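Single-structure report; data block below.
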2 protein chains.
Amino acid sequence: MKFNQYSRAHATDRTKVAELQGLGFLNQLVTDQADLNELWLSFLYKAFPQAQSKSSLNGYLHNLLASPTQDVLAYLEKNTVNATAFYTVGLQLLGFTCGDDFDVAEPLTAMKNFNLLYHQEITTVTDLVGAWYDLLNTRGKMGQILLDLLATEGYFLPLYDLPISQKPLLFNGKSQPVFDTDALIREVVYIESSLDTDQDGQRDLLKAEILRPKDTNDGLKVPAVYTASPYNQGTNDEAGDKMMHHVDQPLTHKKPNDLEYADIEYHQPATDLPEPRPVNGTTQQAEETFGREAAYTLNDYLAARGFAIVYAAGIGTRGSQGVRTTGSPAETASTIAIIEWLAGNRRAFTNQTDNIEIKAWWCNGSVAMTGRSYLGTLATAAATTGVAGLKTIISEAAISSWYDYYRDNGLVVAPGGFPGEDADVLAEECFSRQLDGGDYYRIKPFFDRYLAQITAGQDRTTGDYNTFWDARNYLKDVANVKCDVLMVHGVNDWNVKPRNVYQLYRALADVPVTKKLILHQGQHIYINAFRSLDFSEMVNLWLTNKLYGVQNEADEILPAVLVQDNVAPESWRSYPDWDQTATRLTQLYLSPDRLQPEAVTTAAPVTFSDHLPADTFAEARQDYDAWRNHLLADEETAYRDTRLIFKTATADTDYLLRGAAHLQVKVASSLDHGMLSVMLVDYGTAKRLGATPQILGRKAISSGYHWREDDLNEFQLTKATPFKMITKGHINLQNRTANYKTDELVAGQFYDVDFDLQPTFYHVPAGHQLGLVIYATDMEMTVRGNEDLTYSLDLNDCQLTLTTSAY
Amino acid sequence: MKFNQYSRAHATDRTKVAELQGLGFLNQLVTDQADLNELWLSFLYKAFPQAQSKSSLNGYLHNLLASPTQDVLAYLEKNTVNATAFYTVGLQLLGFTCGDDFDVAEPLTAMKNFNLLYHQEITTVTDLVGAWYDLLNTRGKMGQILLDLLATEGYFLPLYDLPISQKPLLFNGKSQPVFDTDALIREVVYIESSLDTDQDGQRDLLKAEILRPKDTNDGLKVPAVYTASPYNQGTNDEAGDKMMHHVDQPLTHKKPNDLEYADIEYHQPATDLPEPRPVNGTTQQAEETFGREAAYTLNDYLAARGFAIVYAAGIGTRGSQGVRTTGSPAETASTIAIIEWLAGNRRAFTNQTDNIEIKAWWCNGSVAMTGRSYLGTLATAAATTGVAGLKTIISEAAISSWYDYYRDNGLVVAPGGFPGEDADVLAEECFSRQLDGGDYYRIKPFFDRYLAQITAGQDRTTGDYNTFWDARNYLKDVANVKCDVLMVHGVNDWNVKPRNVYQLYRALADVPVTKKLILHQGQHIYINAFRSLDFSEMVNLWLTNKLYGVQNEADEILPAVLVQDNVAPESWRSYPDWDQTATRLTQLYLSPDRLQPEAVTTAAPVTFSDHLPADTFAEARQDYDAWRNHLLADEETAYRDTRLIFKTATADTDYLLRGAAHLQVKVASSLDHGMLSVMLVDYGTAKRLGATPQILGRKAISSGYHWREDDLNEFQLTKATPFKMITKGHINLQNRTANYKTDELVAGQFYDVDFDLQPTFYHVPAGHQLGLVIYATDMEMTVRGNEDLTYSLDLNDCQLTLTTSAY
């Protein structure tokens, strides 16, 4: 077990005393002359809010060992608290079991091994106060800090009634759960956008679901954490499945053209917009509520800590008007309409018909956006508008350009595991107005026509970047970003591929806002319930600063780039940037089977086929993991002739691969069309982190008191594997110049092709080999024609360029 | 999608009116002359508790189709409600999507295909009231009845304040969620048992956690649903893992004996019991609470419906005194101590030291027990004491005799997948006093000695039934059962094997209580969140009858034996009993490769080895599924020589295998020891139900309003497989006479051996073959010596007897 805490704020001794007083751990009269044992005992008595009598409390203390042979009460009869006794007890309070988890004789060693902060000496009142303060802020065995564990037992119940002048209540720069989640106010409003995407002559109304503390009714103004989720009013999964495109078909020759970017650049057309609705009255009282929202558990955590939570699904979703457009500027406008209302710059109504206006009168005007995948994507989209009121986004696994989600270098390249999905499928899937029979009946004819336009615009025939995709490229507007940005992405995310976050990260470099990046070892997952990382607390620190304006040094405390190690579990390291400081370019040359630092001459081209026997092909289509494992294996498999493998010598020392590898090859196709796919692979038998985190405790993470729960999880080492795919890349051989321009391709003719692989951040351990695997059809991403097609590589003109640094 | 509802109570038209009035759907003045459309509209307006204004409500109605081209409001302008319009809307209220889930033109067909109750004609007020009543009681797409869906949206909020004289509020024989779960009172008491298992000179105090409605503070007496779970104060998983016994060792010869049952029969010894604690005072107010109990979601559902929920972990668990004994009479006494307190027949205190008594003054004295596995086992144990106050148990996947959990016919046979586990390991695992460092320090020396006694008593050397196991055989006391019994078990449960429920079911036959049995297709799972079965509502009906004494005909309505079909998904059938009515015995004879209705003479014995090549053995030890699949496969595998397969001809018609198959063989071992394992197998390529249910919706099942949630799931067909194991059996060749008596075994000598396989209830479809697979070492259950040992069968004396019936 190893813990990593990045959310600790600096606190002076004076601050510590004041905050412990605010929390009720210290009374106002504590002095340096206080009796140490009495003080410690007073802390411990407050550590069991479930016990409501002295006898009951003593029962708990009687069960805590303070030394290998004495419980706390026995210990205190003859001894004075010191660091050893303090942490013996402290570890138990944090949920560690004597003996099993730590040696009672060596609590400081355990604190050190767990990577938990501890004080070497506790001999004065100041020491003890400081140590208790830090212990409250220390993560326990089940992935929550002690203060949050106490919250689960009801510690903050008496503080629900604090006057609003004392809320939010801060501890170590973070807002505490003094908000009664049983009493949250849940209300629905309909925000009038400046859109009429369903062309019904009325501006599209957008449904928003709000959860806010009841203290707002007493005058407290709170910030809003807003998640824009097209999924959260329901989805049309079956209809989406039916629309999936057929991918078992060959790539075809594309007619060459001379397009330049200006030819396909998107320009926002002028549109006629219906007049706003008249206002027939105003109210402070909503007239619709909801039972259960589709929630993100990070928001649940924040809801107990004084942040209003707002969910909106946007145009074309159940309860809202308009249509789904998958990433278009209209969708972005629909996304920020909610923020504009929260910030007081847009109108909302209590229902869709009466035109009674309702303001976000309870909101302090500061908004953050949260969420993963499409949700994080919309946060990114919103940020690139520079909308007023949006103070920060926490964008997780977010798309930054939809072309990078559904295409790559002139190829249709699906999100991993979803071949056949495309922008139109996603629009259909999220068009949850379909779930309301009456509403759908009225809108269906228009939406069917609209959907056909998306299908045409996305252009699966060429796979080229075009006006449709340019309209869906948020990177163009990064200069507009005015809010601070916290990006989170999995380096193993083959759904929203790492290029999306990399390009955003790079584009933000020159934008004068604070940006932070967390790269984890997950696929397309949330990281707020890892045991090894205090992500929720980091977010708390961040939002307490950005939304409540508390000067807690969040910008300075949180690392610029935080990366989870792929070799050792539970290990995180911080870096100044992704791939710039202290990195170097490494050039590798290809020769048969080898990747080497010097060029060697190879007489004949090497070749591989893109054709599989029918039964092997059928198998590969069904089980992508098996296909990948066979493709990468050293052994003879039925896939052997469909790929080339080039490996480096074994590494002498550990090193890091950072950013995007660049591949240059001279290649010929036996037909007039062709594609290359490549993987960078870590070869070397080793126990590696599992593909998905393992659940350590079901419902083990509590967001507050009698409030929502989450499963605690962590990546753990699995049994040894011979290799692991690091990253991938794809290109259509007819897009050698640009993704928007089609080049000629003559069968049998060699062409120079070069392209970036998906960026990564990978720790290659000593003794391993780096492998480059070149193939064509990617079973889980590209079309799969299983054509009788051969590719030839002239290795004399093939090079791989890596960005590396020492580990 | 197919729904099965067994919890519907009969209701007269008059009852329907009265109950709808009680729920607020009808006012007191409704007459036969009421306008049908107005009445329907009044119902629909109440179906959206989230909408709090007429405009908002109209918005919802505007989105409901009442015909293929009209929403409800448009429809009502020119039409009168009829069955078609009623169910078009009804299906949408139940969460079905127009088009995707049902054809709007044919709602009655959809109701029929979904197996949902519907009215053919709705032309009178009585029809409409009846149809609405039944619709509220009809299961929707996400596995909850409409009334429960409304509860999730807050329908019952205004009824929280009903006077206690009107609580519980009944609908269709079931108690409704009119209890405020935000206001549940959570308290801890310590019950004084008549035990001193830790021999500290004080009676063992037992911690109980209680959740009760706040209405009890106003005088409402409520029944208690009690779950005895040794796991729910935590477990020592690592310590338990370390204690797992080594199973990679050969079976050994046992010294024959002449034991009779009387020689090993357990008799409760007389014990000196310390005096009860003096009472220093009394109170109605507990002084300890808790944040989050380890809950069973069925109990959560009941907590919102007027049942107090009680959890206790028993002797030797965290917060309690005593030691873990794994199934002993002391454990049973500890289990029923809680019931005795709830029924007013035992004392409890507010803490462990002050001796202040607290009574279960809020309890009506009626108690039910719930829970699966060890939890259900303790419910069974409690029932066999006949303890006063216990009105019913719902025992799921329960052990009825611990010998049948850890042993079989003179063999150590582990729960499937846990070779090496035994009674001592389980005692260690559940001894959660170990989690309290101070407490464990004091008790460890005693518990270590006690654990050694369990290790000795369980006797892994012989595997024989002995006094230790006889003390842990609840079947001996079934005649004492005074409560009604609802048994639930998976026919694929190889952890707690089906014999456990079968023996209890059979033993209860002559006991004058009501008993019900549900056999599902799961392994060791809960079934309260299946979409296809209304288990929670059945339990509600059952407990409203047993604990609140409501005359709802639960005994008559619930089927005697309900069995999930293993061929068709979402199909359940009821039967009068497990294997008696309308069944017949089928005798099958063994000849090489065949199971046939007539005896044939086979010249030479057939043989199989128990030895595997080292690498195959290593593989088999690691992956039980792979081992089983290889063993049962028709193809040549490395396991081929380690088993014999005998198959019937393909079945002409579907039939059912019921109860326990009986096998008689003449067998010889090449050494002086030996065992037989057998499997009964369904051979025939078919899509079968998956081994575990698939999650249809995460957190999709709501237990009330802003209350606990559960994942909705269902067994679904997976891709075709060539066979499926139906059931298993094991025997030590030295236990031919009885499991408590050791017979001689001479190498090479043939012996007649006969034994029962684990009972089953299996639908063999036409075209399939029934297979009998005979082998020795069972990788996931027995010791695994991988000895060079050969077994010979004289097929002329081998017969399999099946109990079957037509399907």
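Below, chain A is the first sequence line, B the second, and so on; all start at residue 1. Atom set for the values below is all heavy atoms of this structure, side chains included, hydrogens, waters and symmetry mates excluded. The structure displayed is predicted, hence computed values, not measured ones.
When heavy atoms are compared at a cutoff of 4.5 Å, B:Asp71 approaches chain A solely by way of its side chain, counted from C-beta outward. The contact between B:Arg186 and chain A is made entirely by side chain atoms (from C-beta outward), counting heavy-atom distances below 4.5 Å. Contact annotation for A:Thr353: only side-chain heavy atoms (C-beta onward) come within less than 4.5 Å of a heavy atom of chain B. Contact of B:Asp182 with chain A is made through backbone and side chain together, with heavy-atom distances under 4.5 Å. Looking at B:Leu435, the atoms closer than 4.5 Å to chain A (heavy atoms on both sides) sit in the backbone and in the side chain alike. For a residue to count as touching a neighbouring chain, one of its non-hydrogen atoms must lie under 4.5 Å from one of that chain's; by this rule B:Thr97 touches chain A with the side chain only. Using a 4.5 Å cut-off between heavy atoms, B:Arg442 contacts chain A through its side chain alone, with no backbone atom that close. For B:His706, the part lying under 4.5 angstrom from a heavy atom of chain A is the side chain only. Heavy atoms closer than 4.5 Å to chain A are found nowhere in B:Gln352, neither backbone nor side chain. Both the backbone and the side chain of B:Asn63 come within contact range of chain A, each with at least one heavy atom under 4.5 Å from a heavy atom of that chain. In this structure, chain A has heavy atoms under 4.5 Å from both the backbone and the side chain of B:Ser56.
Checking side-chain atoms of B:Asn236 against main-chain N and O of B:Phe431 turns up a donor-acceptor pair under 3.5 Å. A:Asp710 contributes no side-chain N or O that, together with a main-chain N or O of A:Thr297, makes up a donor-acceptor pair within less than 3.5 Å.
For the options A:Leu65, A:Asp100, A:Asn351, A:Leu64, heavy-atom pairs under 4.5 Å to chain B are most numerous at A:Leu65. Across B:Lys242, B:His62, B:Glu238, the residue that shares the most heavy-atom pairs under 4.5 angstrom with chain A is B:His62. In terms of non-hydrogen atom pairs under 4.5 Å with chain A, the most contact-rich of B:Ala151, B:Ser53, B:Gly234 is B:Ser53. When B:Thr152, B:Leu73, B:Thr69 are compared by the number of non-hydrogen pairs under 4.5 Å with chain A, B:Thr69 comes out ahead. Between chain B and the residues A:Gly99, A:Ser55, A:Ala51, the largest count of heavy-atom pairs under 4.5 Å involves A:Ser55.
For A:Tyr60 and A:Phe48, the ring centers sit closer than 6.0 Å to each other.
With respect to A:Lys207 and A:Glu187, no salt bridge is recorded, no charged nitrogen being found less than 4.0 Å from a carboxylate O. Salt-bridge check for A:Asp101 with A:Lys141: passed, with a basic side-chain N closer than 4.0 Å to an acidic carboxylate O. Under a 4.0 Å N-O distance rule, the pair B:Glu709/A:Arg292 qualifies as a salt bridge.
For the pair A:Thr181 and A:Tyr705, the tightest heavy-atom approach, listed with the atom from each and the gap, is OG1-O, 3.7 Å. A pairwise comparison of heavy atoms in A:Thr88 and A:Phe102 identifies O-CZ, 3.9 Å as the closest pair. Summarising the geometry of A:Gly704 relative to A:Ser702, their closest heavy-atom pair is O-OG, 2.8 Å, with the distance given to 0.1 Å.
Side-chain contact of A:Glu288 with A:Tyr190: a donor-acceptor pair under 3.5 Å is present, judged by distance alone.
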